[in-house]
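One structure below.
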Amino acid sequence: MDPIYFTTPTTNFGPAEWVFFLASFAVLCGGIFFGLLRTDQNALRLRALRQLGYAMLAVGAIGILIGLIRLVGVAIAPFWFTISTVLLLLVGAYGAYLALVQLPQQIAAAQAQNRARGAGRSQPVQRMAPQAQTGDTVTSAAPSGRRASRRDRKRRSK
């Protein structure tokens with residue numbers, strides 16, 4: 001390909017430019033969703049999606065700006081479209097890396113840390129008192145103090 005093509009400003013807006021413009025718009029919308037609107041119960045996943053969303057928002061906005069400049073008829077060199085397309089591809093690769101490599105490792109490390117932290121602080125399990133059998137009747141042991149106080153509070157609140 002001729003290197004002069006990348007530096008010669010043109011004003012035509014063909015099918016390739018429309019595909020670029022629509023892809024930038026889709027990335028911008030995805031960035032708004034992931035960066036600003038998406039909520040998640042997992043804090044690590046939420047942070048990762050916010051980072052990805054902000055990157056998508058920035059790159060999509062740059063692509064939209066470049067597309068709008070060309071759409072209104074201002075002569076702009078095609079290398080700006082090339083640079084923006086490379087940025088779009090890099091954000092896509094970052095999203096794939098984040099989803100397939102980095103986020104699962106972070107979640108596994110956090111779960112392992114929670115398990116290790118929880119193992120050291122385990123509380124002794126309170127077991128129910130065994131039932132005492134006297135002849136033919138079965139009687140249960142007296143309820144614990146905590147249980148009795150909860151029952152008393154419930155009765156007082158009614």
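Numbering of residues begins at 1 and proceeds along the displayed sequence.
For Val72, the side chain to side chain contact (heavy atoms under 4.5 Å, CB included) partners are Val74, not counting sequence neighbours. With sequence neighbours excluded, the residues satisfying side-chain hydrogen bond (donor to acceptor under 3.5 Å, both in side chains) with Asn12 are Thr10. Partners of Ala75 by side chain to side chain contact (heavy atoms under 4.5 Å, CB included), not counting sequence neighbours, listed by chain and number: Pro9, Thr11. Partners of Arg38 by side chain to side chain contact (heavy atoms under 4.5 Å, CB included), not counting sequence neighbours, listed by chain and number: Phe33, Phe34, Asp40, Leu49.
Between the SG atom of Cys29 and the CG atom of Leu57 there is a distance of 10.0 Å, given to the nearest 0.5 Å. Here the CD1 atom belonging to Ile62 is positioned 11.0 Å from the CG atom belonging to Leu28, to the nearest 0.5 angstrom. The OG atom of Ser149 sits 11.0 Å away from atom NZ of Lys154, with the distance rounded to the nearest 0.5 Å. Note that the CG atom of Leu71 and the CD1 atom of Ile69 stand 11.0 Å from one another [nearest 0.5 Å]. From Ser24, atom OG reaches atom CD1 of Ile66 across 8.0 Å, with rounding to the nearest 0.5 Å.
Residue pairs meeting the salt bridge (charged side-chain N to carboxylate O under 4.0 Å, His left out) criterion with at least one partner in residues 83-106, sequence neighbours excluded, are absent. Residue pairs meeting the salt bridge (charged side-chain N to carboxylate O under 4.0 Å, His left out) criterion with at least one partner in residues 88-103, sequence neighbours excluded, do not occur; the list is empty. Applying the salt bridge (charged side-chain N to carboxylate O under 4.0 Å, His left out) test to every pair with at least one member in residues 76-91, sequence neighbours left out, gives no pairs at all. Within the structure, the salt bridge (charged side-chain N to carboxylate O under 4.0 Å, His left out) test picks out the following pairs touching residues 56-84 (sequence neighbours left out): Glu17-Arg70. For residues 46-69, the side chain to side chain donor-acceptor pair (under 3.5 Å) pairs, not counting sequence neighbours, are Gln51-Tyr94.
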Quick one: side chains of residues 96-105, donor-acceptor pairs under 3.5 Å with protein atoms, not counting sequence neighbours, listed by atom name and distance.
none

Name every donor-acceptor pair, under 3.5 Å, that has one atom in a side chain of residues 76-90 and the other anywhere in the protein, sequence neighbours excluded.
{"residue": "Thr82", "atom": "OG1", "partner": "Pro78", "partner atom": "O", "Å": "3.3"}
{"residue": "Thr85", "atom": "OG1", "partner": "Phe81", "partner atom": "O", "Å": "2.7"}

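Contact annotation: the side chain of Leu68 approaches that of Phe21 to within less than 4.5 Å [non-hydrogen atoms, C-beta and beyond]. Using a 4.5 Å heavy-atom cutoff, the side chains of Arg147 and Arg150 are not in contact.
Pairing each heavy atom of Leu44 with each of Ala110, the nearest pair is CD1-CB, 3.7 Å.
The hydrophobic clustering, which links ILVMFWY residues whose side-chain heavy atoms are closer than 4.5 Å, places Phe25 and Trp18 together.
With a 4.5 Å cut-off between side-chain heavy atoms of Ile, Leu, Val, Met, Phe, Trp and Tyr, the cluster of Val19 takes in none.
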